[in-house]
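Heads up, the thing below is written out as structure tokens.
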There are 2 protein chains.
Amino acid sequence: MEKMAIDQLSEPQQKILSFITVYMEENDIPPTIREIQHGTGISSTSMVSYHLKALERAQLLNRRERRSRGLVMNEPHRVNPRDMVAIPLVGVITCGAEPVPTPDADTLAETENMVHLARSMVGNTDGLYALEAKGDSMIDALINDGDIVIMRRETDVKNGDLAAVFLLDRNESTLKRVYKEGRRLKLKPENPTLKPFYVDARHAQIQGRVVCVIRRT
Amino acid sequence: MEKMAIDQLSEPQQKILSFITVYMEENDIPPTIREIQHGTGISSTSMVSYHLKALERAQLLNRRERRSRGLVMNEPHRVNPRDMVAIPLVGVITCGAEPVPTPDADTLAETENMVHLARSMVGNTDGLYALEAKGDSMIDALINDGDIVIMRRETDVKNGDLAAVFLLDRNESTLKRVYKEGRRLKLKPENPTLKPFYVDARHAQIQGRVVCVIRRT
DNA sequence: ATGATACGCGAACAGGCGTTCTATGTCAAG
DNA sequence: CTTGACATAGAACGCCTGTTCGCGTATCAT
């Protein structure tokens, strides 16, 4: 016997399979044989064991011999949850108005809105936070109204990086392309209808750099 | 005793905690008390039990009484892996050259490169696949060279949707903004230097619609 | 000194748990 | 009808496993 489609499993085997699935969603750990027995109404542990062997032959699960709760469901594209990161969506950045706080560890923990991403998208998760972009001043940087911008908290940037900059004199944050020019920073809105402007580097504070942009359509 | 910072845990307690973490990464299920005992070099099960109680008081883990492998790590932002979807990255779409196959279920299963996303980003996962955009013909649609485009397999689109269109006469696929104009389709590259062109609707086949764009910077 | 508290060790208990063995029933192929 | 593959029950074996108990040791304020 090689492989077997799910729909040609016997009725108790299907019951076992779905019981295991439900059980693992509720408890995070696999059930014991006796829990399967009582959960499915099967009358003996030997029957459960018998059917489990069949399911194992059908490649639908693996077992670790003689280990309690040794069942392993065969879910091929199941992703390790550790590869997923939750990034707090801390606010809206209007690309040119209103302050957005640079979040610290405490506010991060309190944020309820989270953006979930694979770690592979963003690398190291330290200092990551998310903002929703408002306005179209960064349209040439391919950031549109409503886009989710993933930021990494950084205090310095390379020339030409997209960054959130806090302007001390205006008490507001803005998302711009940043160039260092001597003692001043050039902040360039990426929209042909808007002109770059310059601020004294001492009156501006780099809050974070754009590491990823996500747009739902 | 209320809550306790990790750094003021006793040394065996830290060892236990890290052992559990490593064990669960390797085995998916929590260890038994005796496995902790041997894995950490602690001399008795009662000591492990003792320290586990302390860790439980410190809110670092929960336990299900009298259940084998009843440990539950307290990981607040742990995401349910079912909320994560793996989308096959099936190829490159040059926004105007070379055919890209519309993937069927079989090829999806064989693809090795996956893009991982939260389900909340894309909704239903049916018919999703990912392409890497090449070229700058869609620059005004905020899709740049190297962006990851998440597509949903669809045979029809609304006017103005971004879609992958297969051109029968050229035997190639292209990513364009699509408008239906009677019997023909208007395919509009979103780049001011490129002009829209028209194809007979019978010679074009909608392959999928853009549902999400991801750009790493 | 003294008692309180935390920490440590080994052993034992009782039920949990996977496994296996025997007996029985079903049913289609030979 | 016989046979053999498959399915079902019940029970028992033996290790697994969480728990608890008795007995130590060290530290420290009283």
Side-chain angles (χ1 to χ4, degrees), chain A residues 1-20 23-24 26-58 60-74, chain B residues 1-17 19-20 23-24 26-74:
Chain A
M1 189 184 305
E2 270 302 294
K3 202 160 181 178
M4 199 182 258
I6 291 182
D7 52 70
Q8 53 185 284
L9 289 178
S10 73
E11 183 249 355
Q13 282 167 22
Q14 291 189 31
K15 272 173 84 170
I16 288 178
L17 217 48
S18 70
F19 175 79
I20 295 175
Y23 185 100
M24 289 191 67
E26 290 174 355
N27 300 281
D28 286 336
I29 57 177
T32 66
I33 287 192
R34 280 171 180 80
E35 283 169 338
I36 297 175
Q37 179 195 351
H38 298 130
T40 56
I42 292 175
S43 61
S44 70
T45 59
S46 58
M47 269 285 87
V48 178
S49 181
Y50 175 76
H51 287 131
L52 285 180
K53 273 179 192 151
L55 291 171
E56 203 179 4
R57 272 198 303 274
L60 291 168
L61 50 81
N62 294 320
R63 304 182 69 187
R64 286 187 271 244
E65 285 186 6
R66 289 163 196 284
R67 296 196 143 200
S68 63
R69 306 181 188 277
L71 301 174
V72 182
M73 293 295 282
N74 229 356
Chain B
M1 185 184 309
E2 268 304 293
K3 202 160 180 178
M4 199 183 259
I6 290 183
D7 52 68
Q8 53 185 284
L9 289 178
S10 74
E11 183 249 353
Q13 283 166 23
Q14 291 189 32
K15 272 173 84 171
I16 287 179
L17 219 47
F19 175 78
I20 295 176
Y23 186 99
M24 290 190 66
E26 290 174 356
N27 301 283
D28 285 337
I29 57 177
T32 66
I33 287 192
R34 278 170 181 80
E35 283 169 339
I36 296 175
Q37 180 195 350
H38 297 130
T40 57
I42 293 175
S43 61
S44 69
T45 58
S46 56
M47 271 283 83
V48 178
S49 180
Y50 174 76
H51 286 131
L52 285 180
K53 274 179 191 150
L55 291 171
E56 201 179 6
R57 273 198 303 274
Q59 306 280 333
L60 291 168
L61 50 82
N62 295 320
R63 304 182 69 187
R64 288 188 271 244
E65 285 185 7
R66 289 165 196 286
R67 298 196 140 199
S68 64
R69 307 181 188 274
L71 301 173
V72 182
M73 293 295 282
N74 230 356

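Chain letters run A, B, ... following the sequence lines, proteins first, then strands; residues in each count from 1.
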Item to complete: Hey, which sits more toward the 5' end of DNA chain C by its nearest nucleotide, A/Arg63 or B/Ser43?
Response: B/Ser43

Response to the item:
Note: for B/Ser68 and B/Ser46 on DNA chain C, the residue whose nearest nucleotide lies more 5' is B/Ser46

Practice prompt. Scan residues 26-42 of chain B against DNA chain C and write down, sorted by residue number, each residue with any heavy atom closer than 4.0 Å; if none is found, say none.
Written response: B/Arg34

Worksheet item: Taking the side chain as C-beta and beyond, is there a heavy-atom pair between B/Gln37 and B/Met47 under 4.5 Å?
Response: no

Worksheet item: Which whole-number value in Å describes the distance from B/Arg57 CZ to C/dT5 C1'?
Response: 12 Å

Worksheet item: Tell me: CD of B/Glu65 to C1' of D/dT20, nearest whole Å?
Response: 13 Å

Worksheet item: Can you find an N or O donor on one side and an acceptor on the other, under 3.5 Å apart, linking the side chain of A/Thr45 with the base of D/dG10?
Response: no

Discussion item. Does any part of the side chain of A/Leu61, heavy atoms only, come nearer than 4.5 Å to the side chain of A/Arg63, both counted from C-beta?
Written reply: yes

Quick test: give all pairs of protein nitrogen or oxygen and nucleotides 23-25 of chain C nitrogen or oxygen below 3.5 Å, distance rounded to 0.1 Å.
none

Worksheet item: Heavy atoms, side chains only, cut-off 4.5 Å: are A/Arg34 and A/Val48 in contact?
Response: no

Discussion item. Counting only side-chain nitrogens and oxygens, does A/Tyr50 get under 4.0 Å of the OP1 or OP2 atom of D/dT8?
Written reply: no

Fill in: A/Arg67 side chain near D/dC16 phosphate (N/O to OP1/OP2, under 4.0 Å)
no

Discussion item. Is it the case that the side chain of A/Gln14 and the backbone of A/Glu11 share a donor-acceptor pair, with hydrogens and angles ignored and the cut-off at 3.5 Å?
Written reply: no

